[in-house]
Amino acid sequence: MDGPFDTIGKRPYPCGLRAACPEAAAPGSGAVPPPRSAASRALACLLALAGFLPLPVAARLGRAEMSAVAVAPSAGARAPLDLAFVEAEREHPTSLGAEIGGHPALLLPVDYTCGNVCDPMVSLSAAALQATGLRPGVDVRLILVGLDPRDGPAAARALLARDGAGDALGEGFRALVGDRAAIDRLTGALGYSLTTDREAEAIVHPAAALLLAPDGRLARVLSPLALNGRDLRLAIVEAGEGRIGDLTDRFTLLCYGFDAATGIYTPLVRRILTAAALLTLLAVAAGLLLLGRSSRRAAR
């Protein structure tokens, strides 16, 4: 088995711009670019994440500030379940533990006013969760936590209205808002580091999905922009410690391990050979048992 957590790269996907995505206007020209479609804005942002286009916020921040933006949890990192938040849909006080409810939870730290990367993070995570075949709200929860204490329930509901994830997952989906103390305590406990560009009113943070075990322990750090149903299901089954999934999932986990570099579960040759050897021994034992019973019947 891998360790209790996996870090993502030290060059995180910067996210949180309150301005539009970078446009193709000449630097210093002062020209205002024409409006672009949602698809082209998303493509520009994904290219920016891949390093093909510079993000303005990154240009304003120094190397030391950008290098500090990462997910680097300590061994045994755990989310404090007593943290107080407000659930955005009904606007009622709650706690992180109450929203996790004893289930594995996919936690997405987001900037609710960011329409560039945070929106795709939420919609792709919701789609991957639906593709797992697990029951949202029964087997697993998807929980958003706002990183900007200025954003209240209305900002959270606006994001949900944009991508429709809340309608798709129903009771398995929660969006939380909190004050600075709660946000800082949560991000500090999970080793989730972010910074702020005050000039651009931008929060620069890693685009990361944090998979929590039912007790709040950080089980996996996943990329929400590369999630698929199969790998997310295996991660949730692993985090559920045997209480979720079926025999096929458990057998798959015997032969597959999480690769933090690629963010997917890949075959482990040693485990596959061990499993094959065990199956062979079981088959031989079953064959010998059947032969013994046949011999005894023939002797009668």
Sequence neighbours excluded, which residues qualify as side-chain hydrogen bond (donor to acceptor under 3.5 Å, both in side chains) partners of [X]?
{"X": "Asp179", "value": "none"}
{"X": "Ser95", "value": "none"}
{"X": "Tyr192", "value": "His205"}

Taking only residues two or more places apart in sequence or in another chain, which ones pass side-chain contact (heavy atoms from CB on, under 4.5 Å) with [X]?
{"X": "Ala156", "answer": "Ala88, Tyr112, Ala175, Val177"}
{"X": "Ala128", "answer": "Leu227, Leu232"}
{"X": "Pro149", "answer": "Arg180, Ile183"}

(message) Do Pro206 and Val69 make a side-chain contact, defined as non-hydrogen atoms from C-beta onward lying under 4.5 Å apart?
(response) yes

(request) Report yes if the side chains of Leu144 and Val122 come closer than 4.5 Å at any heavy-atom pair, otherwise no. (result) yes

(request) Name all residues meeting the salt bridge (charged side-chain N to carboxylate O under 4.0 Å, His left out) criterion together with Arg90; count only those two or more places apart in sequence or in a different chain, and write none if there are none. (result)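 Arg90: salt bridge (charged side-chain N to carboxylate O under 4.0 Å, His left out) contacts with Glu87, Glu171.
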
(message) Taking salt bridge (charged side-chain N to carboxylate O under 4.0 Å, His left out) as the definition, give me every residue that meets it alongside Glu91, ordered by chain and number, with sequence neighbours left out.
(response)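 Expected list: Arg157.
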
(request) Spell out, as yes or no, whether a donor-acceptor pair under 3.5 Å connects the side chain of Ser123 to the backbone of Pro120. (result)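 Answer holds: yes.
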
(message) Suppose the criterion is salt bridge (charged side-chain N to carboxylate O under 4.0 Å, His left out): which pairs have a residue in residues 68-78, not counting sequence neighbours?
(response)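 Residue pairs passing salt bridge (charged side-chain N to carboxylate O under 4.0 Å, His left out), neighbours aside: Arg78-Asp215.
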
(request) With sequence neighbours excluded, give me every salt bridge (charged side-chain N to carboxylate O under 4.0 Å, His left out) pair touching residues 96-106. (result)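 Sorted result for residues 96-106: Glu99-Arg174.
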
(request) Answer yes or no: is there an ion pair linking Asp139 with Arg233, defined by an N-O contact shorter than 4.0 Å? (result) no

(request) May I ask you to list the residues sharing a hydrophobic cluster with Leu290, side-chain cutoff 4.5 Å, ordered by chain and number? (result)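 Taking Ile, Leu, Val, Met, Phe, Trp and Tyr as members, Leu290 stands alone, with no cluster partners.
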
